[in-house]
Amino acid sequence: MALDWKLLTLFCIIVANTGLAAADEKLLVKHLMDDYDPGVRPVKNQTTVTIVQIIAILENLVEVIESSETIRVTLILNLFWTDEYLTWDPAEYDNITDILIPANRIWLPDYIILTSLEVVDLTPLESLRARVNYAGSVTTSKSQVIDNYCPMKIEQFPYDEQACTITITPWSAPYYWQDIQNLPTKVSLKGNSEWIPIAFDFERKQFLVDGGWTVIHSNYILRIRRKPAFFVWVLTVPTFITTALCITGIFTPTNTNGERAEKITIGLSTLLAVAVILNIASAEMPKGEGLPKLGTFVMIEMIICTVCLVIALVIMQYHYRAMRQLSRPPYWLTVMLLLAKERASSNERRMFESPKLKRVYLPWKATANADSLGLGSMLMELKQSVSDIRSNLDRKESENELIDEWTAIFDRMDLMFFTLFQVGNVVVFITHLCM
């Protein structure tokens with residue numbers, strides 16, 4: 001029974017002290033807010049400069065919009081200043097050293113984010129609280145989503161780095177009334193799936209404007225680097241493979257049965273595919289005066305396909321004329337294409353091989369019988385026919401040899417251009433990735 005009375009007494013004491021503390025805090029707030037004007041700068045001497053210290057924390061990099069040259073970030077601004085009207089003696093108010101006061105009831109620093117296009121406060125001013133110390137130190141924290149202007153340098157896209165400046169400056173208060181200073185802090189930078197923040201630096205600039213006003217800019221510089229893997233696998237590698245297939249299709253060795261016309265179709269189809277890739281790349285790239293690195297790569301690949309197509313048209317035209325005229329290829333051409341040894345071997349083989357048909361000999365009696373029977377003229381016609389057949393076969397064999405020589409020449413030209421352009425394509429691809 002005695003224990004119960006002790007517990008009840010202790011509980012009553014705690015409740016009484018809590019009530020007294022709450023009453024003291026209420027009296028303190030009433031004391032501080034009496035005759036307090038939030039529109040008046042909180043200094044008793046107007047020559048005193050109000051120092052506003054800021055800790056800027058980049059919470060998240062939400063989005064980078066290249067087409068409109070803007071970034072969207074979540075920024076936390078911790079503000080510290082001294083309010084000379086918000087002071088008290090803790091001994092008079094039950095040793096209360098800190099209290100929370102609605103931020104809209106006290107003076108707040110005058111500043112704007114000069115480079116922002118839109119600012120959304122995650123905590124409305126009506127819900128924002130300020131922590132006030134008995135010595136007049138005030139602390140408040142604002143979390144905002146900011147759409148900030150960020151000029152893009154696109155020359156190295158998609159291997160680019162961007163520097164975006166978030167500028168904070170007083171809006172109406174001159175520098176001799178209010179000064180904004182930065183407090184450095186170590187924070188972890190969070191990016192997104194496409195960008196990596198690499199630094200969040202601060203610099204202070206002071207300059208004169210028209211009218212002799214001194215303006216101070218507090219610049220927070222966010223440096224970000226793009227992750228290029230998406231563009232490499234979706235645009236760069238398919239462009240390289242498409243160009244390689246274009247070169248292979250155009251310069252594959254062929255013959256005179258019309259396959260070269262199919263090569264032109266392959267080249268045109270490849271150009272269309274590269275044009276589609278370029279259209280996709282242009283939709284992803286920010287607009288600017290120069291051509292980005294990715295756009296340059298796709299344009300070079302398109303130029304390679306176009307040059308291959310033009311060369312294929314020229315080769316097809318000369319191939320067609322050579323097959324119609326069937327003249328012997330110039331010796332200098334065979335030497336330049338390293339076919340002189342093959343031509344010499346063909347000439348030696350033709351010297352040792354006799355393409356002539358064996359002559360037909362008829363016995364004397366058969367000839368006499370043929371003359372007696374009036375078949376001499378038929379025998380002469382037979383001999384003439386055999387001679388004509390032999391001449392036609394000789395001419396046909398000579399034509400086939402010329403066709404083989406020209407085919408070997410054009411096949412060697414195809415192989416030469418195939419090797420040249422494939423090596424050029426690989427060099428362009430590796431250079432694009434390494435630079």
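Model, not experiment: these values are computed from the prediction. Basis for what follows: all heavy atoms, side chains included, without hydrogens, waters or symmetry-related copies.
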Quiz item: In terms of side-chain heavy atoms, does Glu63 have a donor or acceptor partner in Thr70 at a distance below 3.5 Å?
Solution: no
Self-check item: Point-to-point distance, once rounded to the nearest 0.5 Å, from CD1 of Ile221 to CG of Asp201
Solution: 6.0 Å
Per-pair distances, 0.1 Å, donor-acceptor, side chain in residues 121-132, under 3.5 Å, sequence neighbours excluded:
from, atom 1, to, atom 2, distance (Å)
Asp121, OD1, Gln144, NE2, 2.7
Arg129, NH1, Glu126, O, 3.4

Exercise. Using a 4.5 Å cut-off on heavy atoms from C-beta on, say whether the side chain of Asp37 contacts that of Tyr85.
Key: no
Quiz item: Can you tell me how far the CD1 atom of Ile166 sits from the OG1 atom of Thr115, to the nearest 0.5 Å?
Solution: 6.0 Å
Quiz item: Tell me, do His432 and Tyr159 make a side-chain contact under 4.5 Å, heavy atoms counted?
Solution: yes
Quiz item: Of all heavy-atom pairs between Ile247 and Gln422, which one has the smallest distance, and what is that distance?
Solution: CG2-CG, 3.8 Å
Exercise. Can you see which heavy atom on Ile113 is nearest to which on Ile168, and at what distance?
Key: CG1-CG1, 4.2 Å
Practice problem: Could you tell me which non-hydrogen atom of Ala244 sits nearest to which non-hydrogen atom of Asn425, and how far apart they are? | Solution: N-ND2, 3.6 Å
Quiz item: Among side-chain atoms of Asp83 and Tyr36, is any donor-acceptor pair under 3.5 angstrom?
Solution: yes
Practice problem: Decide yes or no for Val73 and Asn148: does some side-chain heavy atom of the first lie under 4.5 Å from some side-chain heavy atom of the second? | Solution: no
Quiz item: How about Asn45: does its CG atom have over 12 heavy atoms from other parts shown lying under 6.0 Å from it?
Solution: yes
Self-check item: Heavy-atom side-chain proximity of Trp177 to Val43 below 4.5 angstrom
Solution: no
Quiz prompt | Pair Tyr220-Asn182, side-chain donor/acceptor within less than 3.5 Å | solution = yes
Exercise. Measure the spacing between CZ of Arg204 and CG of Asp179 and express it to the nearest 0.5 Å.
Key: 4.0 Å
Quiz item: Does some side-chain heavy atom of Thr248 sit less than 4.5 Å from a side-chain heavy atom of Phe418?
Solution: yes
Self-check item: Side chain to side chain, Ile57 and Asn78, heavy atoms closer than 4.5 Å
Solution: yes
Quiz item: salt bridge (Lys or Arg N to Asp or Glu O under 4.0 Å): which pairs involve residues 140-152, sequence neighbours left out?
Solution: Arg72-Asp147
Self-check item: More than 12 heavy atoms from other groups under 6.0 Å of CH2 on Trp88
Solution: yes
Exercise. Write out all pairs satisfying disulfide bond (SG atoms under 2.5 Å apart) with one or both partners inside residues 88-167, taking only residues at least two apart or from two chains.
Key: Cys150-Cys164
Quiz item: If you take all heavy atoms of Pro197 and Ile224, which pair is closest and at what distance?
Solution: CA-CG2, 3.9 Å
Exercise. Looking only at non-hydrogen atoms, find the nearest pair between Thr236 and Leu294 and report the distance.
Key: OG1-CD1, 3.5 Å
Donor-acceptor contacts, no H, no angles, side chain residues 101-108, under 3.5 Å, sequence neighbours left out:
none

Quiz prompt | Minimum heavy-atom distance Gln178-Ala173, with the two atoms named | solution = CB-CB, 4.0 Å
Exercise. Hey, could you give me the CG/CD1 distance between Leu61 and Ile71, rounded to the nearest 0.5 Å?
Key: 6.5 Å
Exercise. Hey, could you give me each pair passing salt bridge (Lys or Arg N to Asp or Glu O under 4.0 Å) that has a residue in residues 155-175? Not counting sequence neighbours.
Key: Asp160-Arg226, Glu161-Arg225
Quiz item: Got Tyr111 and Leu77 here, is their nearest side-chain heavy-atom distance under 4.5 Å?
Solution: yes
Quiz item: Which residues satisfy the ring-ring contact (aromatic ring centres under 6.0 Å, His included) test with Phe240, sequence neighbours excluded?
Solution: Phe429
